[in-house]
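Report on one structure; see the data block that follows.
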Amino acid sequence: DTEVTQTPKHLVMGMTNKKSLKCEQHMGHRAMYWYKQKAKKPPELMFVYSYEKLSINESVPSRFSPECPNSSLLNLHLHALQPEDSALYLCASSQDRQVEGGYTFGSGTRLTVV
Amino acid sequence: SQKIEQNSEALNIQEGKTATLTCNYTNYSPAYLQWYRQDPGRGPVFLLLIRENEKEKRKERLKVTFDTTLKQSLFHITASQPADSATYLCALDVFYGNNRLAFGKGNQVVVIP
């Protein structure tokens, strides 16, 4: 299995809702990432997990809460989001510190906050 | 401040020709540089990685060069095909050896049959 699977593919949520994005990989990668991408912009790093521990938080607002339940799963819990948080949320994984294979990205979750 | 710059204008190229894209960076000392392809509404797909001590890397019709003195990478698609039409992103590790990959804005390539 050489894929990163993200669910759901599309999500519409109100500003008072709580929802979660899910990401799964079975490549044995020990580093997992959340990126946010707005239209016509590059992906922006949000969080990095290394060996299931949060290693980087790029000053992301607390309404985004990551979780890594095990080495294959990564969640992003969403609460009280703003319309400007609407974006494509990308999950990625890689071999930790062995980067020859690059990062493997999922297809993303298209999030719309109304 | 740190910057990764790619040409914001789309590159329109005739099928069969070589497309060349540029990635310039400032205030970084990356250990490696990566190139990705992204199609609309999809996640980036890894293409090539080149390390700071490598001048050139090839994979099939793709070639990447890396000049750490000029702080520049060139990405070439030879014998371009309409299926190569996409946005191509360069990416650098922000801190040497750390898991912090930063992306350029990307450069769209349109291959005209």
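In what follows, every chain begins at residue 1, and chains take the letters A, B, ... in the order their sequences are listed.
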inquiry  = Please classify the contact between A:E58 and chain B as side chain, backbone, both or neither, with a heavy-atom cut-off of under 4.5 Å.
reply    = side chain
remark   = Tested for ring-ring contact (aromatic ring centres under 6.0 Å, His included) against B:Y88, the lone hit among B:F46, B:F75, B:F103, B:Y36 is B:F75
remark   = Expected contact set for residues 65-84 of chain A against chain B at heavy-atom separation under 4.5 Å reads none
query = Do side-chain atoms of B:S85 reach the backbone of B:P82 as a donor and acceptor pair under 3.5 angstrom?
reply = yes
ask   = Does any heavy atom of chain B fall under 4.5 Å from the side chain of A:Q37, the backbone, both, or neither of them?
value = side chain
ask   = Pick from A:T5, A:T7, A:T109: which one makes a side-chain contact (heavy atoms from CB on, under 4.5 Å) with A:K22?
value = A:T7
In residues 65-73 of chain B, what donor-acceptor pairs under 3.5 Å come from side-chain atoms, sequence neighbours left out?
residue	atom	partner	partner atom	Å
B:T65	OG1	B:L74	N	3.4
B:D67	OD1	B:T69	N	2.9
B:D67	OD1	B:L70	N	2.9
B:K71	NZ	B:Y28	O	3.2
B:Q72	NE2	B:N24	OD1	2.9
B:S73	OG	B:W35	NE1	3.1
B:S73	OG	B:T65	O	2.7

ask   = Can you pull the disulfide bond (SG atoms under 2.5 Å apart) pairs that have at least one residue in residues 11-74 of chain B, sequence neighbours excluded?
value = B:C23-B:C90
note = Shortest non-hydrogen pair, A:L90 vs B:P44, comes out as CD1-CD, 3.9 Å
query = At a heavy-atom separation under 4.5 Å, does B:Q38 approach chain A through its side chain, its backbone, both, or neither?
reply = side chain
inquiry  = Through direct or indirect side-chain contacts below 4.5 angstrom among Ile, Leu, Val, Met, Phe, Trp and Tyr, which residues connect to A:V4?
reply    = A:M27
